[in-house]
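First the structure, in the form of structure tokens, and then the observations on it.
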Amino acid sequence: QRSRTFSDFGFRMADGGFVSLKVYDVLGNEVATLVNEYKSAGEYEVTFDSHSGEGQNLSSGVYFYQLKITGPETSSGQAMIQTKKMLLIK
């Protein structure tokens with residue numbers, strides 16, 4: 001059993017590209033980078049352990065996560081950006 005708060009993010013890519021998955025606080029400050037690298041086509045799952053990029057334990061509250069996929073292999077050559085809200089409860 002996990003002793004801390006965890007969230008799993010899953011995404012599927014039909015084409016390869018550069019993937020960025022970041023977490024932001026309500027003021028728009030980046031608090032964690034979960035993925036920042038090239039990924040080939042496939043399915044991926046990333047675990048967020050409710051800690052900032054500096055290892056600080058994040059407090060309960062509203063956060064946003066943004067998945068951005070760019071690169072020449074994406075179907076249109078354009079970026080795909082998806083931003084969603086998440087509630088972190090401890």
Side-chain angles (χ1 to χ4, degrees):
Q1 186 173 2
R2 296 176 176 175
S3 59
R4 295 184 288 180
T5 304
F6 288 83
S7 294
D8 292 322
F9 300 99
F11 59 96
R12 180 183 345 214
M13 297 174 52
D15 300 307
F18 192 86
V19 178
S20 169
L21 178 57
K22 298 183 178 189
V23 179
Y24 298 89
D25 65 16
V26 293
L27 299 176
N29 300 309
E30 181 183 320
V31 295
T33 299
L34 306 179
V35 178
N36 197 37
E37 63 187 9
Y38 178 88
K39 297 277 191 189
S40 45
E43 291 186 30
Y44 297 91
E45 188 170 293
V46 179
T47 299
F48 173 53
D49 68 357
S50 74
H51 283 74
S52 71
E54 290 80 40
Q56 298 290 337
N57 198 13
L58 297 175
S59 59
S60 295
V62 175
Y63 293 87
F64 295 89
Y65 61 95
Q66 183 178 75
L67 175 65
K68 182 177 182 181
I69 303 172
T70 57
E73 294 182 39
T74 56
S75 11
S76 63
Q78 307 263 332
M80 186 286 297
I81 302 173
Q82 188 174 48
T83 305
K84 294 192 177 183
K85 182 167 62 170
M86 103 177 134
L87 183 59
L88 181 61
I89 300 173
K90 296 187 173 190

Legend entry - NZ-CZ distance between K39 and F18, expressed to the nearest 0.5 angstrom: 10.5 Å
Legend entry - Joint cluster assignment, Y38 & I81, ILVMFWY side-chain distance < 4.5 Å: no
Legend entry - Euclidean distance, K84 NZ relative to Q82 CD, rounded to 0.5 Å: 4.5 Å
Inset, instruction - Give the ring-plane orientation class for Y44 versus F11, where under 30° counts as parallel, over 60° as perpendicular and anything between as tilted. - result: parallel
Inset, instruction - Return yes when atom NZ of K68 has more than 12 non-hydrogen atoms of other residues, nucleotides or ligands closer than 6.0 Å, and no otherwise. - result: no
Inset, instruction - Grab the two heavy atoms, one from Y65 and one from K85, that are nearest each other, plus how far apart they are. - result: CE2-O, 4.3 Å
Inset, instruction - List the steps, then state whether side chain to side chain contact (heavy atoms under 4.5 Å, CB included) holds for V23 with M86. - result: CA-CA 9 Å; V23 179; M86 103 177 134; 3.8 Å; yes
Legend entry - Separation between CD of Q66 and OG1 of T33, rounded to the nearest 0.5 Å: 11.0 Å
Legend entry - Non-hydrogen atoms of G17 and M13 that approach each other most closely: N-CE, 3.5 Å
Inset, instruction - Search all heavy atoms of S50 against all heavy atoms of N57 and return the closest pair with its distance. - result: O-OD1, 3.4 Å
Legend entry - Gap separating the CG atom of N29 from the CZ atom of F64, nearest 0.5 angstrom: 12.5 Å
Legend entry - Spacing of L88 atom CG and D25 atom CG [to the nearest 0.5 Å]: 12.0 Å
Inset, instruction - For residues A14 and A41, report the shortest heavy-atom separation together with the two atoms involved. - result: O-CB, 3.4 Å
Legend entry - Value rounded to 0.5 Å, distance of CD in E30 from OH in Y24: 5.0 Å
